[in-house]
Amino acid sequence: MSSPLYEKYLRIQKRKLWLIGLSRLSVLAVFLALWELAAGWGWVDPMLTSKPSLLLSSFRELAFEGSLLKHTWISGLETVVGIAVSMLLGTAIAVLFWWSSFASKVLEPYMVVLNALPKVALGPIFYIWLGDSYSIYGMAVAISIIVTIIMVESGFREISKTKLKLMESFGATKPQMLRMVLLPASVPHFIATLKVNVGLTLVGVVMGEFLSSKAGLGYLIIYGGQVFQMNLVMVSITMLALLSVILYGFVHLLERFARKKYNYEA
Amino acid sequence: MAQIELTDVGLSYFTLKQETEALRDINLSIKHGEFISIVGPSGCGKSTLLSLISGMLKPTSGKIEIDGAAVSGVSPKVGYMLQHDHLFEWRNVLNNLTVGAEIRKMDRGIAKRKALELLERYGLGDFAHHGPSQLSGGMRQRVALIRTLVAEPDILLLDEPFSALDYQTRLTLSEEVFHIIKDQGKTAVLVTHDLSEAISMADRVMVMSKRPSTISNIHEIRFDEGEGLSPWKKREAGGYHQTFNAIWKELEEHVVASL
Ligand SMILES: Nc1ncnc2c1ncn2[C@@H]1O[C@H](COP(=O)(O)OP(=O)(O)OP(=O)(O)O)[C@@H](O)[C@H]1O
Ligand SMILES: [Mg+2]
């Protein structure tokens, strides 16, 4: 049995959560309302800003007659593939750096330079080497992989030396240390990296599409800009926002699952 | 015949900045089933000595033998219990206990049964499927000991296993651990800063000098009350205080000298 005081505490906490959720929605509602009114009453030029009601109708148009959903799907797929590739490849490289401190020391300055280099500058190279559809993956992976390596590697370093010493005291080999300690202990870091990568990979995909593609939301945005179709641009941006919400949602689910399975605190 | 034999063992650590001579001319032989404690000033090389016996470190000079064979690499005969328990949070208690067995590719089923049996015997039977974070400090330390035992070593190396615990838990746990080790018939080497723990648990107490460390003296712990006394009984024995004072004096000289 919980005491009345505790129940009161729970009620107050619950009310707070409700209030936060409600306020979040109101912020969005107020923003959309202001936008609509400002454009409707001529405070701003709807040619330049479009407006929510127009967006809704052009969304309907684009979704059912045009190919908005197809473009969204393409960008989404590119993002997911990009994330998967940079997580796998990045983790593999981080493992290599842990395995061989020689390799890690040799390559460290190159990592620093690569990390600082604006990856967008590589766009034309990817376009020439990989062609117009694969260059998007190139860009997506280029933007997120270095961060993946750095984050996963620093996670490896944080794992206490003595945990590995314990493994060593039983005579563990490096693959055993990797499988039994490094990877499971890094699960929280993998999730954190994944969160960062959702954002970064989306940037990479859109950049890639700006530069070269014939499809995807980035292409729609550029195209909309060129033909001065603000509705198209805004609808595409909204779809991008939705896409990132969905991807974050997946990562969030994965995190909940991992926290149960690997028993760690956030 | 001695189970562990160290002959003229010396060890120096090399780093880019300097060379540290940690141990010099260590000669020691430990009999089967014996319990020996090591005390000495901080940084004198006690942990280093355990690492040498475990095979994780190679001596710079001299030789180390276990059961007549030179030590080369980590031997399955040796179980090393480190200062911190280092239970893996992502595994439950039972699966933590089988870590050593897993590394050594021992039969999983047997290891599990053994782990459960030891848990039961040492009062942790209900916690097999709990996470490590749900255990108290003393329980974690007991789990760490069982983890070492599940790998079936003949020799136990204990590096300050109780230092993270409060005084009361230490006393109880050292009593328990003493009985666990004795009824399993293991040879044990215990490093500790707590002199009363060293005396009450061991058959012999080895005092080390400051760095570069040598063995300053080895004290036989023998009381009129009989052989193989438990830690409680030893603390109550008539000659206890005399022994304590003698070793304390000797230790004090080294500690003062190292300041
Ligand atoms: N990996 C290492 N590299 C260089 N020097 C080391 C290393 N490990 C230990 N030493 C040095 O060797 C000496 C002995 O260290 P050791 O850890 O064996 O001491 P200890 O007796 O266990 O000390 P404490 O009682 O504080 O645990 C110390 O002076 C330490 O600085
Ligand atoms: Mg030590």
Side-chain angles (χ1 to χ4, degrees), chain A residues 87 91 94-95 98-99 101-102 104-106 108 151-152 154-194 251 253-266, chain B residues 47 50-57 71-93 95-106 111 129-135 143-145 147-153 155-161 164:
Chain A
M87 284 302 290
T91 305
V95 166
W98 166 77
W99 198 288
S101 59
F102 182 74
S104 137
K105 280 187 188 125
V106 170
E108 193 190 316
M151 283 184 74
V152 172
S154 81
F156 284 173
R157 279 212 204 103
E158 256 174 50
I159 295 167
S160 76
K161 284 266 175 342
T162 33
K163 273 205 169 80
L164 293 174
K165 194 169 175 205
L166 171 84
M167 295 293 288
E168 207 188 325
S169 80
F170 283 115
T173 58
K174 278 207 157 181
Q176 280 176 326
M177 290 188 191
L178 183 65
R179 187 170 52 80
M180 293 172 70
V181 177
L182 254 64
L183 295 182
S186 295
V187 168
H189 291 280
F190 288 140
I191 302 285
T193 313
L194 208 51
V251 175
L253 284 181
L254 196 68
E255 182 176 23
R256 288 237 304 248
F257 168 78
R259 205 176 295 166
K260 268 215 190 88
K261 181 149 194 286
Y262 291 95
N263 200 16
Y264 72 89
E265 304 292 324
Chain B
S47 302
L50 290 193
S51 298
L52 282 169
I53 298 175
S54 78
M56 287 161 72
L57 272 180
V71 171
S72 63
V74 175
S75 153
K77 282 185 184 165
V78 178
Y80 195 164
M81 187 172 160
L82 304 162
Q83 180 170 351
H84 288 283
D85 50 65
H86 295 298
L87 300 179
F88 297 160
E89 310 83 60
W90 55 90
R91 289 172 171 240
N92 65 21
V93 167
N95 288 332
N96 262 291
L97 292 176
T98 54
V99 161
E102 236 170 90
I103 293 171
R104 292 183 175 166
K105 307 211 163 67
M106 294 157 71
H129 300 285
H130 284 54
S133 56
Q134 290 164 287
L135 305 181
V143 170
L145 177 67
R147 175 179 59 197
T148 316
L149 292 174
V150 168
E152 305 191 319
I155 298 166
L156 280 171
L157 307 176
L158 309 163
D159 195 352
E160 304 184 36

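Chain naming here is simple, since letters A, B, ... match the order of the sequence lines and numbering starts at 1 in each.
With a 4.5 angstrom heavy-atom cutoff, R91(B) touches chain A only via side-chain atoms. For chain A, no part of L157(B) is nearby; none of its heavy atoms comes within less than 4.5 Å. For Q83(B), no part lies under 4.5 angstrom from a heavy atom of chain A. Using a 4.5 Å cut-off between heavy atoms, V181(A) contacts chain B through both its backbone and its side chain. Looking at M177(A), there are no atoms closer than 4.5 Å to chain B (heavy atoms on both sides), in backbone or side chain. Heavy atoms closer than 4.5 Å to chain A are found nowhere in S75(B), neither backbone nor side chain.
With chain A as the partner, the residue from L87(B), V74(B), I103(B), L82(B) showing the most heavy-atom pairs under 4.5 Å is I103(B). Considering only heavy-atom pairs separated by less than 4.5 Å from chain B, the leading option among R179(A), K261(A), Q176(A) is Q176(A).
Shown here are the ring-ring contact (aromatic ring centres under 6.0 Å, His included) partners of H84(B), two or more places apart in sequence or in another chain: H86(B).
For residues 158-175 of chain A, the set of pairs meeting the salt bridge (Lys or Arg N to Asp or Glu O under 4.0 Å) definition, not counting sequence neighbours, comprises K163(A)-E89(B).
For the atom pair F170(A) CZ and M56(B) CE, the distance stands at 10.5 Å (nearest 0.5 Å).
The backbone N or O of K105(A) lies less than 3.5 Å from no partner atom in the side chain of E108(A), so there is not a single donor-acceptor pair.
With respect to the salt-bridge test (charged N to carboxylate O, under 4.0 angstrom), the residues R104(B) and E152(B) do not qualify.
You'll find the side chain of P132(B) stays beyond 4.5 Å of the side chain of V143(B), heavy atoms only.
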